[in-house]
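The analysis underlying the following values was restricted to heavy atoms, covering all of them including side chains, and did not include hydrogens, waters or symmetry mates. Every chain is numbered from 1, with letters handed out A, B, ... down the list of sequences. Fair warning: this is a prediction, and the values are worked out from it, not measured in the lab.
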Amino acid sequence: DVKVTQSSRYLVKRTGEKVFLECVQDMDHENMFWYRQDPGLGLRLIYFSYDVKMKEKGDIPEGYSVSREKKERFSLILESASTNQTSMYLCASSTRGGAGGNTIYFGEGSWLTVV
Amino acid sequence: AQKITQTQPGMFVQEKEAVTLDCTYDTSDQSYGLFWYKQPSSGEMIFLIYQGSYDEQNATEGRYSLNFQKARKSANLVISASQLGDSAMYFCAMRGANTDKLIFGTGTRLQVFP
């Protein structure tokens, strides 16, 4: 079974703190993703990585950065957390596939509250 | 740019009835894939069904089928014989041929009542 593991399920951080959300996948997938999910807005892509040290901005990269030093690990960094970053964060991974039917596998999500 | 639109924020259906969840998309790619995911209250994302843009037949997976109308750019999910366990958020998503990014719609919350 493919496993995508997010290190923290629930976090509470203070405004201005630096926050790290870690994600590890065990299927040697090339692609890894960070999404943010908010009610009424669906899932919005923050960043995408297609290889080690390679990344692309998604639709809402402002206020976030990412790191992929090893193939299995993809970290999302909030340099200075703000209350409008309170949300659920979903990590995902997949093989390369373009329009093909290879599915994307998700972690369980990390609920971040910034106070 | 690619876009997915789900116009139904919420839907109700009685147990054992069929329900259709709407999804329209916009893309300039000739080749693309369409996906549906289910998200129960537990938060996990469960893959349901995939349709390739060049597939001749509509995709089916058990009680799920995808009503693909390419000219209308719609990819509606049909759930037959609804069950109480089908109550969840449902997301439509798309990926183009030249990218591995999966773009999601805003979702539809389905509630199945006895």
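For B/Gln14, the CD atom counts as densely surrounded, since its 6.0 Å shell holds more than 12 non-hydrogen atoms of other residues, nucleotides or ligands. For NZ of B/Lys3, the number of neighbouring non-hydrogen atoms (other residues, nucleotides, ligands) closer than 6.0 Å is 12 at most. Remark: A/Glu22 CD is packed, more than 12 non-hydrogen atoms of other residues, nucleotides or ligands lying under 6.0 Å away.
Comparing B/Met89, B/Glu44, B/Gln39 by heavy-atom pairs within less than 4.5 Å of chain A, the highest count is held by B/Gln39.
Here the straight-line distance linking atom OG1 of A/Thr103 with atom OH of B/Tyr50 works out to 10.5 Å at 0.5 Å rounding. Separation of atoms CZ (B/Phe47) and CZ (A/Phe106) is listed at 11.5 Å; rounding is to 0.5 Å.
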List, one per line, each side-chain donor-acceptor pair under 3.5 Å for residues 105-114 of chain B, sequence neighbours excluded.
from: B/Thr108; atom 1: OG1; to: B/Gln8; atom 2: O; distance (Å): 2.7

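Across every non-hydrogen atom of B/Lys101 and A/Phe33, the tightest pair is CA-CE2, 4.0 Å. Closest non-hydrogen pair, B/Phe104 versus A/Leu43, comes out as CB-O, 3.7 Å. Here the closest non-hydrogen pair linking A/Arg96 and B/Asp100 is CA-OD2, 3.2 Å.
Only the side chain of A/Asp59 comes within contact range of chain B, judged by heavy atoms closer than 4.5 Å. Of the atoms belonging to A/Glu56, it is side-chain heavy atoms, and not backbone ones, that fall under 4.5 Å from chain B. Only the backbone of A/Leu41 has a heavy atom closer than 4.5 Å to any heavy atom of chain B. With a 4.5 Å cut-off on non-hydrogen atoms, B/Tyr37 touches chain A through its side chain but not through its backbone.
Linking ILVMFWY side-chain heavy atoms closer than 4.5 Å, directly or via other members, places B/Met11 and B/Leu77 in a single hydrophobic cluster.
Pairs passing the salt bridge (Lys or Arg N to Asp or Glu O under 4.0 Å) check and including a residue from residues 73-91 of chain B, sequence neighbours excluded, read B/Asp26-B/Lys73, B/Arg63-B/Asp86.
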